[in-house]
Structures are given as structure tokens and as C-alpha cells.
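Below is one structure; the comments refer to it alone.
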Protein chains: 2
Amino acid sequence: MGLTKTEHFTAEQNKVAVLLKALGHPARVAIIGHLLKAKSCVCGDIVVELPLAQATVSQHLKELKKAGIIKGTVAGSAICYCLDEKAFDYLNRYFSALLSGVREQDTTCC
Amino acid sequence: MGLTKTEHFTAEQNKVAVLLKALGHPARVAIIGHLLKAKSCVCGDIVVELPLAQATVSQHLKELKKAGIIKGTVAGSAICYCLDEKAFDYLNRYFSALLSGVREQDTTCC
DNA sequence: TCTTTTCATCGTAATATTACGATGAATATT
DNA sequence: AATATTCATCGTAATATTACGATGAAAAGA
């Protein structure tokens, strides 16, 4: 078993899950933080900032790119990464809708 | 290897990662949706709504509870689950801050 | 051209996750 | 008391993730 049954869920549910799963790792949360702080797009600087080997960081960046959270463009021998606004816009909408939904509930039980 | 190096990251980064990892599965996104729609807190109804076995749903609920996303209270022979507003408030703040940060960036590269 | 820098990818080991049947504990119903 | 319902947990198999060293490709600098 051990295989996520994505086919039984809606496209929306899967999209949210893919984005959040990609962000569900402290190293990747840290990467997002660094990409946000750096005015220009950071490249190998991310490796220096993290307590992880270069290969591991590269793998994390690949995951983030696959999920559509970051974009990468070649810039000479380096690669320039930046956050994809669309993803964060989507997630911001998702959570703000969710929060107002939760607040509207009649919390008679828990 | 294969062991996440949580100790090298900040408490904030780990907290965000734990919450998002818990939500990074379509079944758990679906559970959140059902708990939101149901006026009263659903219990075993979640099992009926999902294409998964009861043991699997129970495991997912456990994960959500461990991460602090849902609360559960005993109600006779059933158990009443509901969303924990604190978690969604936290995540809503996180993403809304992130989004405004992204929008303020000078996107000269990607 | 030769070397260095930068990053991706491969291979691999350790660990974690996902899913389900089976079983068990606890409350409700008869 | 006997049975049914509800849910958690155990055990287990399949799959995925995490991490890193080693290697390779591609552009920059000597």
C-alpha cells in the first residue's frame, strides 16, 4: 500500500495538498524565508545559509519548483530562484476563506 | 539518513512546517473541508464521506490532532472533532504576511 | 585551453508515510 | 447480560522522503 489515493479527491484538494506538502518541511520554510529577505534572487547563497549539504538543498529546491512555489531562471553559471506570487496568492485565499469559515461556526461542542 | 534535521531550524520554522505537513495530504484537506461544512462537529461521518478505510481515517485524524489542527472531545460512544481556530489564525497570518512580502519585492529577475 | 565555480543528478542508506485488515476498549442499545 | 456501534491501535506491506557523497555538465575566469 503506502500509495496516496490522489485519484479519489478533487483537483482543488490535491492542489492545496501539493502546495502545502512542499512547504511542510523546516528547510523549505527556511528557503522561503531567505528568498523573501534577499532583495535580489539568491542562488547558491541558500546553501550557505542552511545547515544542509548542497545536494540536499538542490533536492529541496527541486521539490519547491515542482510544486509551483518557486521559479528558477538561469543567470550565467548561477541560477536565480524566486517565489511564485501565484502560489502564495492561492494559499492566502485558501486560508483566509478557511479562517472566516471557522469563525462563523457555532462552536457548541469542542 | 532520512531523518529531518529539525534541531537546526528555528521554532517558528518548525511550527509552520508541522502544521503544513499535516495539511499536505488530500485526505486531510478533505477532512478539513468536511469539518468546516458540517454545522455540528462530525464524527464517524467523516469515514463515510472519504474513500478510505476507517483505520486510515483514524490515523489521519490522529495526525491532524497531533499537529494541533483539530480538537476532539468524547461524546458518548462517538467522538466529536472540530477545527482549532488558533492553527488557522496562525497560518492565515503567516501567508498573508508572506504574500505582502512577495508583492513588495522588486521582481527584476524571474 | 585549463581551472574553478555553480548547480543538478545519480546512487544509496536510513527513516517516515500511507493504507488496510484484525483486534480491542468503551459506550449505547436491546 | 448480550449485542451492536464507534473509534483507536497494532501489525504489516508498499511506497515516499530525507540526506549526503560522488560524479557530471555548463558557464566564468585564468
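Source: prediction; values computed, not measured. Reminder, nothing fancy here: chain letters follow the sequence lines and each chain counts from 1.
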At less than 4.0 Å, is any side-chain N or O atom of [X] found next to OP1 or OP2 of [N]? Yes or no.
| X | N | result |
| --- | --- | --- |
| A:His25 | D:dA19 | yes |
| B:Thr56 | C:dC20 | yes |
| B:His60 | C:dA19 | yes |
| B:Lys21 | C:dT17 | yes |

[X] [atom1] to [N] [atom2]: how many Å, rounded?
| X | N | atom1 | atom2 | value |
| --- | --- | --- | --- | --- |
| A:Leu23 | D:dT17 | CG | P | 14 Å |
| A:Leu50 | C:dC7 | CG | P | 13 Å |
| B:Leu64 | C:dT17 | CG | P | 13 Å |
| A:Ile79 | D:dA28 | CD1 | C1' | 15 Å |
| B:Ile70 | D:dC7 | CD1 | P | 12 Å |
| B:Glu63 | D:dA16 | CD | P | 18 Å |

* Considering heavy-atom distances to DNA chain C, does B:Val74 or B:Met1 have its closest nucleotide positioned more toward the 5' end? ->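 Result: B:Met1.
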
* Position toward the 5' end of DNA chain C (nearest nucleotide), B:Ala78 or B:Gly24 ->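 The answer here is B:Gly24.
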
Return the [atom1] to [atom2] distance between [X] and [Y], rounded to the nearest 0.5 Å.
| X | Y | atom1 | atom2 | result |
| --- | --- | --- | --- | --- |
| A:Leu98 | B:Asn92 | CG | CG | 9.0 Å |
| A:Tyr94 | B:Phe88 | OH | CZ | 6.5 Å |
| A:Tyr81 | A:Leu35 | OH | CG | 10.0 Å |
| B:Leu52 | A:Thr4 | CG | OG1 | 9.5 Å |
| A:Lys86 | A:Leu19 | NZ | CG | 11.0 Å |
| B:Asp84 | B:Lys71 | CG | NZ | 5.0 Å |

With sugar-phosphate meaning primed atoms plus P, OP1 and OP2, does [X] contact a base, only sugar-phosphate, or nothing at under 4.0 Å between heavy atoms?
| X | result |
| --- | --- |
| A:Gln54 | base |
| B:Leu61 | nothing |
| A:Ala55 | base |

* Asked: Among C:dA13, C:dT9, D:dT9, which is the nearest nucleotide to the side chain of B:Lys62?
  ->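 Looking only at side-chain atoms, B:Lys62 lies closest to D:dT9.
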
* Please confirm whether any donor atom in the side chain of A:Gln59 sits under 3.5 Å from an acceptor in the base of D:dA19, or the reverse. =>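 Such a pair is found, so the answer is yes.
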
* Applying the 4.5 Å side-chain criterion to the ILVMFWY set and letting contacts propagate, would A:Val18 and A:Leu64 be lumped into a single cluster? ->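 A:Val18 and A:Leu64: separate clusters.
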
* **Strand-adjacent residues in residues 2-19 of chain B, judged by heavy atoms under 4.0 Å from DNA chain C** =>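 Only B:Gly2 qualify.
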
* Asked: How far does the helix from C:dT1-D:dA30 to C:dT30-D:dA1 bend, going by the axes of its first and last five pairs, to the nearest 10°?
  ->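 Comparing the first five pairs with the last five, the axes sit 20° apart.
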
* **Salt-bridge contact A:Glu85-B:Arg103 (side-chain N to carboxylate O under 4.0 Å)** =>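 Salt bridge: yes.
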
* Least distance between heavy atoms, B:His8 atom then A:Pro51 atom ->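 Where B:His8 meets A:Pro51 most closely, the heavy atoms are CB-CG, 3.2 Å.
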
* Would you call the rings of B:His60 and B:His25 parallel, tilted or perpendicular, where under 30° means parallel and over 60° means perpendicular? ->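 Tilted.
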
